[in-house]
Amino acid sequence: MEERVHDGSGRILVQNLSKNFGPVSAVRDLSFAVHPGVVTGFLGPNGSGKTTTLRMVLGLVNPTSGTATVNGVPFAQLRNPATVVGAVLEAQSFHPSRTARNHLRCYSAAMNVPDQQVDHALDLVGLTGAANRAAGGFSLGMRQRLALATALLGDPQVLILDEPANGLDPEGIAWLRGFLKSFAASGRTVLVSSHLLREMEHTVDHVVIVSRGECVYNGDLDQLRAQQRNRVLVQAGDPQALVNALQAAGLAVEPLPDGRIAVTGSDSRSVAELALQAGVAVYGIQEEQVDLERLFFQLTSGQYVGNQHPPGGPPPGTGGWAPPGGPNPYQQHGGFGGGA
Ligand SMILES: Nc1ncnc2c1ncn2[C@@H]1O[C@H](COP(=O)(O)OP(=O)(O)OP(=O)(O)O)[C@@H](O)[C@H]1O
């Protein structure tokens, strides 16, 4: 196979990636970049195409179209790939009677990695005390750690983990968070998938959110957080007259299917006063907290009705959303090749 010299950037680049399984369109025209130094979350509900995308990045699935590269080259063309990328795709199977240390020794020998890396990897994942225990007796959390140790054997520059928090207890999740943050802080690249934003909320800095195989948000988590805005839900005797009054006051309004009007950028008192001035009867009014979890649900179900940007794009520097099915003009890293 052709071997190309990689650029050493630690960057993962996914460009216009698509994958069809027969009639199933698992990944559709997906583009994003993953940079070193931060933890990037790859988030989306079950079946949204995360695993398929990661498998394409790792050269395990051939794309229908588009490309995925690590350090500027397709994974299959990396020389010594284990020293560039460490990956844990799903709960690995271990020989049940083999000790953790011997399990890692099998891999280190196959990877041509010095033996001391085995103890270093055990130490990194906190398994030194269990090194001589048979993996068959390990809890799910310990098996996850052993799988991670296997991925770390080659001292890789890039770490790719598919749903690593699955089955971990809160203590395990806290440990994983600390580990991934310090791994990224050492200037390396971390791409970690999850179907639960809450699980990753305090771990990731940057998020790529997918829904039905398409990117619906690509930006900093903080910028997504900034889009959490309370809405006022109001039931009016004459909804159209109230919409007119609210819009005349410069407020963003959204008619809801149940007949109520959702108002962003205001509070219930101001909305009630505007209704009074317009002579519109109000039958009910309540404030709704749009938290991050709800925002994630709305994004991935195509129901996002929060902080809509004016035509022409969002304020500079904001992350962005787009309804599934349409182009996403708000991707923070819309172009490729910019910034390592
Ligand atoms: N080998 C395959 N053959 C046929 N369909 C597949 C195959 N792999 C994935 N799919 C389909 O592609 C879609 C995306 O699946 P994928 O596993 O990538 O999603 P996911 O976001 O990782 O979800 P999960 O967290 O549940 O694994 C799903 O509809 C799935 O059924």
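Only a predicted model underlies this, so the values are computations on that prediction, with no experimental measurement involved. Counting convention: from 1, in listed order, for ligands and their atoms alike.
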Looking only at distance, does Thr51 have an N or O less than 3.5 Å from an N or O of ligand 1?
yes

Do Ser270 side-chain atoms and Ser266 backbone N/O form a donor-acceptor pair below 3.5 Å?
no

Working for side-chain hydrogen bond (donor to acceptor under 3.5 Å, both in side chains), residues Ser194 and Glu199
CA-CA 8 Å; Ser194 177; Glu199 202 172 66; 3.0 Å; yes

Sub-4.0 Å atoms of ligand 1 with respect to non-hydrogen atoms of Ser48
19 (O), 20 (P), 21 (O)

For atom 25 (O) of ligand 1, grab the closest protein heavy atom and report residue, atom and distance to one decimal in Å.
Asn46 OD1, 3.2 Å

Checking a contact table here: which protein heavy atom is nearest atom 29 (O) of ligand 1, and how many Å away?
Val24 CG1, 3.9 Å

Exercise check, heavy-atom protein proximity under 4.0 Å to atom 31 (O) of ligand 1:
no

Pick from Leu246, Val253, Leu276: which one makes a side-chain contact (heavy atoms from CB on, under 4.5 Å) with Val271?
Leu246

Give the atom numbers and elements of ligand 1 that come within less than 4.0 Å of a heavy atom of Pro45.
21 (O)

Sequence neighbours left out, what pairs pass ring pair (Phe, Tyr, Trp, His ring centres under 6.0 Å) with at least one residue falling in residues 132-176?
Trp175-Phe179

Does the ring of Phe21 carry Lys19 above it, NZ/CZ under 6.0 angstrom from centre and within 45° of its axis?
yes

Identify the closest protein heavy atom to atom 9 (C) of ligand 1: which residue and atom is it, and at what distance?
Phe21 CE1, 3.5 Å

Subset of ligand 1 atoms that lie under 4.0 Å from at least one heavy atom of Lys50:
18 (O), 19 (O), 20 (P), 21 (O), 22 (O), 23 (O), 25 (O)

Ligand 1 atoms in contact with Gly47 (distance to a heavy atom under 4.0 Å)
13 (C), 14 (C), 19 (O), 20 (P), 21 (O), 23 (O), 24 (P), 26 (O), 28 (C)

With under 30° as parallel and over 60° as perpendicular, where do the rings of Phe42 and Phe32 fit, or are they tilted in between?
tilted

When you compare ligand 1 with Ala26, is there at least one nitrogen or oxygen pair between them that comes in under 3.5 angstrom?
no

Whether over 12 other heavy atoms sit under 6.0 Å from Arg269 CZ:
no

Should we count CG of Asp258 as having more than 12 external heavy atoms under 6.0 Å?
yes

If you count the atoms of ligand 1 from 1 in the order shown, which ones are under 4.0 Å from a heavy atom of Glu163?
25 (O)

Around atom 19 (O) of ligand 1, find the nearest protein heavy atom and jot down its residue, atom name and distance.
Gly49 N, 3.1 Å

Is any side-chain N of the basic residue among Arg188 and Asp155 closer than 4.0 Å to the acidic one's carboxylate O?
yes

For Thr52, atoms of ligand 1 separated by under 4.0 Å from a heavy atom:
9 (C), 15 (O), 16 (P), 18 (O)

